[in-house]
Amino acid sequence: MKWNIGNVEIKNQVVLAPMAGVSNPVYMKILEKMGVGYVVTELISAEAIIRNNKKTLEMLEGIENLNIPYAIQLFGSNSSVLSEAAKVVNKLYPKAIIDINMGCPVPKVAIKSGGGSALLKEPEKIGEIVRAVVEAVDAPVTVKIRSGWDSNSINARCVAKIIEEAGASAIAIHGRTRAQGYSGEADWSIIKSVVEAVNIPVIGNGDILSCYDAKRMLDETGCQAVMIGRGVMGNPWLIKDCVLYLENGKEPEFVTYDEKIDMMEKHLEDLVNAKSEKQAVLEMRGHILNYLKGLPENKEIKNKICQCKTENEIINILEDYRCKLKNEQPE
């Protein structure tokens, strides 16, 4: 089902969540081929953007090659800094939606900088920030929030209204508090209450680990789309499963070990082409640990992968593992 963020049309209801070290242009391109409708980058420091920090700007290189709608997510706590950073991003990437992070629970973001989910404690400041960014750019502006700071201050419904009134075009909500981090269960009833409170699209986030979860969230909350985070780490096929199941009820297909190993090698190749080999190998080691989950006898290969320093070393280990799995298959 198609829907819109401002004047940007999204082709389906499956969205990639912003995740550090995961939601980058390389993996986004892989997920584009899996059919994802819309993607959001990992959080980018607004301060670093206005200081023209080279490493920060490099995080976005290649995003313009996507053929699907994408948002660049900024974090910070100062309205003037965020609006200036949004202007820079809008000029560099005019097709990008601007997303403001008000949900990250990581201490260095939420406590030390006063950004991320810490902003949930200051609703008036939220309105000021969103209004400033909306006025600064010629692009839709969205916001990602959590249900509240802790169980005693669940204020997502109130915050969502403020965000809408300040001019945002959509809201994504993770159904956990900042205090929960990623533990416990996401409370989807809070997502439903936000949907009922505003007239702009709401994207639901939290505990989408299968296509059945995605369908259930849409049905239970009435949200416009589902945002998938940790479930897609090492499992890009989850995107495909969700898209096909939501659109035509198609059941997921089993992913073979050959397909998984092929994807690991493809992901590594794409990273090497986009970054230095050293950077790509370091990043890929973490991805491979996720890809290997559920595969047999993976402990030894995980240990070996973590010692790799070159692309060839990783490929050789993966191919040896492929042969081992093939030889151990029953005839």
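Predicted model, so just to flag it, every value in this text is computed and none were measured.
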The side chain to side chain contact (heavy atoms under 4.5 Å, CB included) partner of Tyr70 among Ile63, Leu16, Thr41 is Ile63
Salt-bridge contact [X]-[Y] (side-chain N to carboxylate O under 4.0 Å):
X      : Y      : result
Glu32  : Lys29  : yes
Glu247 : Lys250 : no
Lys121 : Asp150 : no
Asp320 : Lys324 : no
Lys266 : Glu269 : no
Lys326 : Asp258 : no
Lys304 : Glu300 : yes
Asp219 : Arg216 : no

Distance, nearest 0.5 Å, that separates [atom1] of [X] from [atom2] of [Y]:
X      : Y      : atom1 : atom2 : result
Ile191 : Ile173 : CD1   : CD1   : 6.0 Å
Asn290 : Lys302 : CG    : NZ    : 8.5 Å
Arg322 : Ile261 : CZ    : CD1   : 5.0 Å
Lys275 : Glu283 : NZ    : CD    : 3.5 Å
Cys211 : Ile228 : SG    : CD1   : 9.5 Å

Report task. Kindly confirm or rule out a cation-pi arrangement of Arg146 over Tyr182, judged by NZ or CZ under 6.0 Å from the six-membered ring centre and within 45° of its axis? Result -> yes
Check side chain to side chain contact (heavy atoms under 4.5 Å, CB included) between [X] and all other residues, then give those that pass, not counting sequence neighbours.
X      : result
Ser151 : none
Leu295 : Tyr257, Lys260, Met264, Leu292, Tyr321
Ile314 : Leu268, Val281, Ile288, Ile305, Cys308, Leu318
Lys309 : Glu313

Residues sharing Ile203's hydrophobic cluster, by side-chain heavy-atom contacts under 4.5 Å among ILVMFWY, directly or via others?
->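 Trp3, Ile5, Val8, Ile10, Val15, Tyr38, Val40, Ile97, Met227, listed by chain and number.
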If you group Ile, Leu, Val, Met, Phe, Trp and Tyr whenever their side-chain heavy atoms sit less than 4.5 Å apart, what else falls in with Ile50?
->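 Taking Ile, Leu, Val, Met, Phe, Trp and Tyr as members, Ile50 shares its hydrophobic cluster with Val81.
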Let's go through Lys87 and Glu84 carefully: what are the C-alpha distance in whole Å and the side-chain angles of both, what is the deciding distance for salt bridge (Lys or Arg N to Asp or Glu O under 4.0 Å) to 0.1 Å, and is it a yes or a no? CA-CA 5 Å; Lys87 285 180 186 177; Glu84 284 304 309; 3.2 Å; yes
### Task
Assign the ring pair Tyr27 / His267 to parallel, tilted or perpendicular, where the plane angle (0 to 90°) is split at 30° and 60°.
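Parallel, since the angle between the ring planes stays under 30°.
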Verdict with supporting geometry, Glu58 and Lys54, salt bridge (Lys or Arg N to Asp or Glu O under 4.0 Å): CA-CA 6 Å; Glu58 283 176 352; Lys54 186 173 181 288; 2.5 Å; yes
query = Going by atom types alone, do Asp99 and Thr142 pair a side-chain donor with an acceptor below 3.5 Å?
reply = yes
